[in-house]
Amino acid sequence: MSNTSAGALGQDSIFISIASFCDPLLEFTIRSALSQASRPERVFIGVVDQQMPTLRLQIPEHYAQQLRMVHLHPLEARGPCWARAIAMSLYQGERWFLQVDSHTWFEPGWDERLVRWGHVCQALNPRCLITAYPNPFQMQDGQPVAQLVSKQVLAHVVKTDCVFTADHPVLYFEAVPVASNQPVLGLHIAAGCLFAPGELVNALPYDPFLYFHGEEQAFALRAWTHGWDIFHVPAVPLYHHYVGPGGSGRPMHWSPELDAQRQQRSGVLSEAANHRLANLLWHGKDLGAYGLGQARSLADYATFSGIDYSARSIAPLSYKARFGY
């Protein structure tokens, strides 16, 4: 089976986009996605592997035709959004698009469950995004161990006491459990768990000029103003390996020991991205293919979510999860 045969698998083929930066769990993530799928033959993975040339993945040969790999030196990397945009470009017409981080653990049958929820949400709005901050896991003795927060809906809300600052529009969000066995409308997306119809790739190409902070806000606002609805569903069948402040286990693009070796430091990229984000959300600048849509306005989003970018205010409802569709 060749990489170009995705269409032959029918309407429910899946493309997984993975941007990885020196991540020791990348190989685990790829193996998990394919070995835990009910129908692994319909799963195709586009990987941007930003790893030192001396380190190579050891992937079973029978999976090779389902991988689309780009290898980049980590000192040439320009941040997470740039890498996600490259990974998205490896899409080849699959029915469904799934973006995950390179430290993700998949439950058995994850593909059937996501596709089933995809069809449910498409019946509500053909332009649907299923997303979540997944439950966490840790590696213990080389094996993944779930740290379950909730098997219900995990819905995004603005973090308690988070407010706009004067210099940039970045906000911080968290997941809270919601007792629902049906999809719940959301106001925010998680870049590390984003499932949608494949049309998303052409409709909302990932912005390579952003850096990291604010990428989820920008994508959520672009999607919402283009008429896409954001959904949270029960029991998302993925787990995420979170690294807290001061945590170790994998370097970041902005890690000082790597950043010092680059001609253009991460701070320069981040500052330019913050300026671009402000142009998008505060100043209404036209960013072309990476700009806001015309189907719904920022004022409409403020009414829906309680987050008013024009007034730089956050209403109480933004700190609470909504229920139902």
Side-chain angles (χ1 to χ4, degrees), residues 12 14 16 29 32-33 36-38 96-101 103-125 127-140 143-162 171-197 200 216-217 219-220 223-224 228-244 301 304-307 314-325:
D12 284 330
I14 302 169
I16 304 178
T29 297
S32 178
Q36 299 283 67
S38 296
W96 298 98
F97 173 88
L98 172 63
Q99 181 173 279
V100 300
D101 284 336
H103 30 275
T104 299
W105 177 30
F106 294 75
E107 287 187 352
W110 65 267
D111 53 328
E112 293 288 354
R113 289 163 62 187
L114 281 183
V115 166
R116 183 168 63 249
W117 280 119
H119 287 299
V120 169
C121 292
Q122 272 207 307
L124 300 172
N125 183 350
R127 297 177 177 179
C128 60
L129 291 172
I130 294 174
T131 189
Y133 292 137
N135 282 293
F137 79 95
Q138 293 293 328
M139 298 297 286
Q140 297 180 9
Q143 297 299 316
V145 177
Q147 298 178 317
L148 194 65
V149 175
S150 174
K151 271 295 185 183
Q152 298 179 314
V153 169
L154 286 171
H156 294 162
V157 298
V158 178
K159 280 190 173 182
T160 304
D161 299 328
C162 179
L171 299 174
Y172 297 93
F173 295 77
E174 60 187 351
V176 297
V178 175
S180 175
N181 59 5
Q182 296 299 320
V184 172
L185 277 175
L187 53 79
H188 185 65
I189 66 102
C193 178
L194 185 64
F195 184 73
L200 175 89
E216 295 172 335
Q217 285 171 259
F219 199 90
W224 204 87
W228 292 70
D229 276 333
I230 298 167
F231 292 98
H232 306 302
V233 300
V236 169
L238 312 178
Y239 296 81
H240 186 277
H241 188 265
Y242 296 95
V243 175
Y301 180 77
F304 165 74
S305 70
I307 302 172
I314 304 173
L317 68 91
S318 305
Y319 300 96
K320 300 177 182 179
R322 62 189 68 238
F323 294 83
Y325 177 71

Could you go through the side-chain contact (heavy atoms from CB on, under 4.5 Å) check for Ile14 and Trp110 one step at a time? CA-CA 11 Å; Ile14 302 169; Trp110 65 267; 4.1 Å; yes
Is there a side-chain contact (heavy atoms from CB on, under 4.5 Å) between Met139 and Trp105 once you walk through the steps? CA-CA 10 Å; Met139 298 297 286; Trp105 177 30; over 6 Å; no
Report the C-alpha distance between His156 and Tyr133 in whole Å, list the side-chain angles of each, state the deciding distance to 0.1 Å, and finish with yes or no for side-chain contact (heavy atoms from CB on, under 4.5 Å). CA-CA 8 Å; His156 294 162; Tyr133 292 137; 3.4 Å; yes
Side-chain contact, heavy-atom cut-off 4.5 Å: [X] with [Y]?
X: Pro183; Y: Val233; value: yes
X: Gln138; Y: His241; value: yes
X: Phe231; Y: Leu185; value: yes
X: Leu154; Y: Val236; value: no
X: Phe173; Y: Ser318; value: no
X: Leu98; Y: Leu114; value: yes
X: Thr29; Y: Phe106; value: yes
X: Tyr319; Y: Asp161; value: no

Roughly how far apart are [X] [atom1] and [Y] [atom2], rounded to 0.5 Å?
X: Arg127; Y: Leu200; atom1: CZ; atom2: CG; answer: 11.0 Å
X: Leu124; Y: Asp229; atom1: CG; atom2: CG; answer: 8.5 Å
X: His232; Y: Trp117; atom1: NE2; atom2: CH2; answer: 13.5 Å
X: Ser305; Y: Leu317; atom1: OG; atom2: CG; answer: 7.0 Å

Take Gln99 and Phe219 through the test side-chain contact (heavy atoms from CB on, under 4.5 Å) and record every step on the way to the result. CA-CA 13 Å; Gln99 181 173 279; Phe219 199 90; over 6 Å; no
Treating Thr131 as the side-chain partner and Leu194 as the backbone partner, does any N or O pair qualify as donor plus acceptor under 3.5 Å? no
What is the minimum heavy-atom distance between [X] and [Y], and which atoms define it?
X: Ala191; Y: Glu216; answer: N-OE2, 2.9 Å
X: Ile230; Y: His188; answer: CG2-O, 3.4 Å
X: Ala190; Y: Ala132; answer: CB-O, 3.0 Å
X: Asn125; Y: Cys128; answer: O-CB, 3.4 Å
X: Ile314; Y: Cys162; answer: CD1-O, 3.6 Å
X: Val157; Y: Lys320; answer: CG1-C, 3.4 Å

Is the ring pair Trp224/Phe304 parallel, tilted or perpendicular, if the boundaries are 30 and 60 degrees? parallel
Parallel, tilted or perpendicular, judged at 30° and 60°: which one describes the rings of His240 and His103?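 Perpendicular, since the angle between the ring planes exceeds 60°.
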Under 3.5 Å, side-chain donor or acceptor atoms of residues 144-153 against the rest of the protein: list the pairs with distances, not counting sequence neighbours.
| from | atom 1 | to | atom 2 | distance (Å) |
| --- | --- | --- | --- | --- |
| Ser150 | OG | Gln152 | N | 2.9 |
| Lys151 | NZ | Glu107 | OE2 | 2.5 |
| Lys151 | NZ | Tyr239 | OH | 3.3 |

Can a side-chain donor-acceptor contact be found between Trp96 and Asp12 if the only test is distance below 3.5 angstrom? yes
